[in-house]
Student: 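Okay, handing you the structure first.
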Amino acid sequence: MSHGALLRQHSDDPILASHVMHDYTKADLEPKTRSMLEFATKLTKEPGSMVKADVGKLRAAGLSDDEILSVVLITCCLLSTSPSPRDRG
């Protein structure tokens with residue numbers, strides 16, 4: 001099962017889950033959720049450009065250090081199980 005299908009299946013709002021899966025920037029999200037997705041996107045696309053201020057944005061959005069660590073670990077786990085863009089053709 002794909003990550004998107006899993007998200008839709010376990011979401012209380014499958015329509016929102018579809019919006020998040022296709023383009024989270026257009027979805028109606030809480031600021032905390034949006035900040036996590038922005039962080040995870042940057043970590044995925046530009047890992048070498050991550051700076052302390054990126055973590056500061058998560059803290060400013062209300063995430064604890066444990067929650068920030070979870071965002072990092074989940075992002076890394078998903079990346080390790082997903083094909084890289086160059087492998088997708």
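Atoms considered below: every heavy atom in the structure, side chains included; atoms not considered: hydrogens, waters and symmetry mates. The model shown is predicted, which means the values in this text are computed figures rather than measured ones.
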Student: If you compare all heavy atoms of Cys77 against all heavy atoms of Ser80, which two are closest, and at what distance to 0.1 Å?
Tutor: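 Heavy atoms only, the tightest pair is O-OG, 2.8 Å.
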Student: Going hydrophobic residue to hydrophobic residue with side-chain gaps under 4.5 angstrom, can you get from Val71 over to Met50?
Tutor: yes
Student: Who else is in Leu73's hydrophobic cluster (ILVMFWY, side-chain heavy atoms under 4.5 Å, direct or via others)?
Tutor: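 Noted: Leu73 shares its cluster with Leu69.
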Student: Would you mind writing out the side-chain donor-acceptor pairs for residues 52-62 within the sub-3.5 Å range, not counting sequence neighbours?
Tutor:
from	atom 1	to	atom 2	distance (Å)
Asp54	OD1	Lys42	NZ	3.1
Asp54	OD2	Lys42	NZ	3.0
Asp54	OD2	Val51	N	2.8
Arg59	NE	Asp65	OD1	3.0
Arg59	NH2	Asp65	OD1	2.8

Student: Should Leu43 and Leu63 be counted in the same cluster of Ile, Leu, Val, Met, Phe, Trp and Tyr side chains packed under 4.5 Å apart?
Tutor: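 Yes.
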Student: Indicate if Phe39 and Leu37 have the same hydrophobic cluster label, given that clusters are the connected sets of ILVMFWY residues with side-chain heavy-atom separations under 4.5 angstrom.
Tutor: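 In one cluster: no.
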Student: For Glu67, which residues count as a salt bridge (Lys or Arg N to Asp or Glu O under 4.0 Å) partner, sequence neighbours excluded?
Tutor: Lys32
Student: Got a sec, which residues hit side-chain hydrogen bond (donor to acceptor under 3.5 Å, both in side chains) with Glu46, two or more places apart in sequence or on another chain?
Tutor: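 Partners of Glu46 by the side-chain hydrogen bond (donor to acceptor under 3.5 Å, both in side chains) criterion, ordered by chain and then number, come out as Ser49.
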Student: Output all residues satisfying side chain to side chain contact (heavy atoms under 4.5 Å, CB included) with Thr44, sequence neighbours left out; order by chain, then residue number.
Tutor: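 Result, side chain to side chain contact (heavy atoms under 4.5 Å, CB included) vs Thr44: Thr75, Leu79.
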Student: In chain order, what residues pass the side-chain hydrogen bond (donor to acceptor under 3.5 Å, both in side chains) check against Asp66, with sequence neighbours excluded?
Tutor: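 In terms of side-chain hydrogen bond (donor to acceptor under 3.5 Å, both in side chains), with neighbours along the sequence ignored, Asp66 is linked to no residue.
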